[in-house]
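Every heavy atom of this structure was used, including side-chain atoms; hydrogens, water molecules and symmetry mates were not. Numbered from 1 within each chain, the chains take letters A, B, ... in sequence-line order.
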Amino acid sequence: MQSVLKVKGMLAVTLLPALLLYSFFVIIPIFWSAYYGFFEWSGVGDASFIGWANYLEVIKDPIFWRALKNNMIIVGASVFGQVPIALGLALMLRKSSLFQRFVRSAIFLPMVISTVVVGLIWGYIYHPQFGIINSLLTAVGLESWTRPWLADPSINMYAVAIPIIWNYIGPYLIIFIAALQNIPSELDDAAKIDGADGFKKLIHVTLPMMWKTIMVAVVLCISGSLKAFDQVFVMTGGGPAQSTELLATYMYNNTFMVYRYGYGSAVSTMIIIVSLILIVISQLLMKRRDQEGRGI
Amino acid sequence: MMEQKLVLEKQAPSMTFQIKKVVFRVLKNGFLALFSLLMIYPLYWLMISSFKSNEEFFQHPYSLPKEWTFDNIVRAWQIADMGRAMVNSTIVTVAATLLTVFLGALTAYALSRFTFRLKGFLMMFFLLGMLIPIHSTLVPLFTLMNEVGLLNTYWALILPYTAFELPIAIFLIVAYMSSIPKEIEEAAVMDGSGYWGIFFRMILPLSVPALTTVAILAFLRYWNEFVFALVFINDSSLKTLPLSLAIFSDGFSTDYGLTMAAMTIAVIPTIVMYAFFQEQIMKGMVAGSVKG
C-alpha cells in the first residue's frame, strides 16, 4: 500500500509541473481565444459582448480570404517546390563522400539561421537598386526583366515563397535520403536482372518505394506552411496594400497594430479551424494512399 | 580481320558508356556544387558585407572588401545595442533550455518507466501540442500574461518557449528512455535505491545522448525565436537578438554595412553550434518534424 502511494506521489511530482505549464501556455489559449472572439475589446477597459459579430466580420473580410489564398500559395510552393527539389537532390546525394556530405550540410545550413536574418538577407537580395537578382539580370542584358520583386503585387507572393522554400529544403532532403537508404538492395539487383536501369528504374522501382515518404513530406509541407510568418513579416509585413498578407500577419496586423483584441481572437480561432481542416485532409490523403497500396 | 572487328565492336559501346558515365558525373557534381553555392552565398554575402564601409558596399556590393574594417561590428555593438540583446538572448535561451531539458526528462521518466491508467492519454495530450499553430495562441497568451503581470519580463519568453518545446522534448526523450532495459531498474531496486535515486543516478545519466539532442534543438529554436519576443517584449532593455535586428534594420535601413554586421553577430553562435553538432541537429530536427 505504501509503495502504491509512493508511486502515485512520484508520478504527481514528475508529471504535474510540465502538465501545468503546457496546459496554461499551449492548450488553454485555444479556448480562451474562441471565447474572446465574442467580445469587442481594445486591451484596456471592459470588454463588451457582441456575439458572433467578430466571426462574421472575419468571414466577410476579403482580406482574410486573400490571406488564406496566399497561405495556399505557400503550401503549393512548398509541395511543388521543396518536395521535388529535395527528392531530386536526395537521388544525387546517397553516398557519404566528403563532397556529398559538404553539399548536404550546405543545404541544411539555413535551418539553423534566424528566420529574421533570412528575411532581411532576402529582402536585400530582392532590393530594386543593389539587389543581386536585378544586378544579375542587368549584367546578362535582361534589364527589362528587372523589377521591384517585393512591391509588385502580381509576383510578390511568389517572390516571398522562394526564401521559404530555400529555408526548409534541408529536412526534406534528410528524410528522402533516409528513405532511399532503406530500400532493400535486393530490389536493386532484381531491377538490374529485369534490365531496368537509370530512368526506368527510378520510375518503376525507386519512386513507388518512396511513395509513403513523399506523402509524409507533403503533409509536413502543408502543416509547415501554415506556420509561415517571420520571413514574410520581415520582408514585406504583409504589404504593400496587404498583397502579401498571410493568415498569421493578418492576425498580427489586426490585433497588435490597431488594438482589436476581440477581433484578433476570432482570427486566431479561424487559424486553428483552417489548420484542423488541413490536417484532416492530409490524413485522409495518407489513408487513401495506404489503401490503394494494399489494393495493389 | 573478322576477329579484329568483333573486338572493336565490343569495345566501342563500353567506351561510349564510360564517357557517358564520366560526363554524367561531372554534370552532376557541377550541379551539386552550384546548388551548394546557392545555399551558402546569401550568408557569405552577409559576412563579407559586414566588413565593408557603406560607400564600398554601394560601389562593389559583391566583391570581397578591399579594406577589411571592424568599424561596423564595433558600431553595431554600441549603437544597435547588440551587446545588450546578446545578454538578453543568452539569459532567456539558457534558462529556457535548462527548464526544457529538466521538465522533459522528468515527464519522460514517468511516461516511459511506469505504467498507469492515464499514460496513453497523457502521451497523446502532449503530442497534440505539435499540431497547434503557434500564431493562433499569440492574442490569448498576450492577454493572459498581461493579466498575471508576466509581460515584459524574461519569464514572458522562458515559460512559453518551454511549454511549446515540451511535446518534441518529451517525444524524443521517451523514445530514448523506453529503450533502456528494465533490468537496470530492478538491479537498482535490489540495491535499495528509491525512484528518485533511480532517476538521478541511473536513467538521467544513461539518457544523456537524447538530452543533448533536445538541448541543442531547444537552444537553436529559442535563440532564433522571433514572434513571441515581438509580441511579449516591449521594453527595449529586454529585447532579444532577432527582435533587435528586426527593429534596428527598420531604423537604420540605409546603413547596410551596419545592419549586416548586426546580423553577423546574431548568426555566428548558431553557425558555431552547427559546425560542432551537425549530425545531431539534422537527425533531431527531422525526428521532431516528422512526428509533428
Subject >> S135(A) versus chain B, the contacting section by heavy-atom distance below 4.5 Å >> reply: side chain
Subject >> Portion of V13(A) that has a non-hydrogen atom of chain B nearer than 4.5 angstrom >> reply: both
Subject >> Pair S268(A), S33(A): side-chain N/O donor-acceptor within cut-off below 3.5 Å >> reply: no
Subject >> F232(B) to A156(B) - nearest heavy-atom pair and separation >> reply: CD1-O, 3.5 Å
**OP:** Assess whether side chain to side chain contact (heavy atoms under 4.5 Å, CB included) is satisfied between V112(A) and M273(B), documenting all intermediate values.
**Re:** CA-CA 9 Å; V112(A) 303; M273(B) 198 124 189; over 6 Å; no
Subject >> Any side-chain heavy-atom pair of F130(A) and Y124(A) under 4.5 Å >> reply: yes
Original post:
Given the options S49(B), A110(B), G194(B), which has more heavy-atom pairs under 4.5 Å with chain A than any of the others?
Top reply: A110(B)
Original post:
Side chain, backbone, both or neither: which part of F116(B) has a non-hydrogen atom closer than 4.5 Å to chain A?
Top reply: side chain
Subject >> Structural part of L138(B) lying under 4.5 Å from a heavy atom of chain A >> reply: both
**OP:** Please look at F164(B) and chain A and tell me whether the side chain, the backbone, both or neither of the residue comes under 4.5 angstrom of a heavy atom of that chain.
**Re:** both
Original post:
Within a radius of less than 6.0 Å around CZ of F102(A), do more than 12 heavy atoms belonging to other residues, nucleotides or ligands occur?
Top reply: no
Subject >> Interface residue of largest heavy-atom contact number with chain A, from F31(B), F102(B), F199(B), W45(B), under 4.5 Å >> reply: W45(B)
**OP:** Below 4.5 Å from any heavy atom of chain A, which atoms of E279(B) appear? Answer side chain, backbone, both or neither.
**Re:** neither
Subject >> Check: F126(B) ring centroid to Y22(A) ring centroid under 6.0 Å >> reply: yes
Original post:
Looking just at side-chain N and O atoms, do Y222(B) and T100(B) make a donor-acceptor pair shorter than 3.5 Å?
Top reply: yes
Original post:
Which residue out of L111(B), L46(B), L37(B) racks up the most heavy-atom pairs below 4.5 Å with chain A?
Top reply: L46(B)
Subject >> Choice from A246(B), A105(B), S136(B), A266(B) maximising heavy atom contacts with chain A below 4.5 Å >> reply: S136(B)
**OP:** Go through the atoms of L220(B) and report whether side chain, backbone, both or neither lie under 4.5 Å from a heavy atom of chain A.
**Re:** side chain
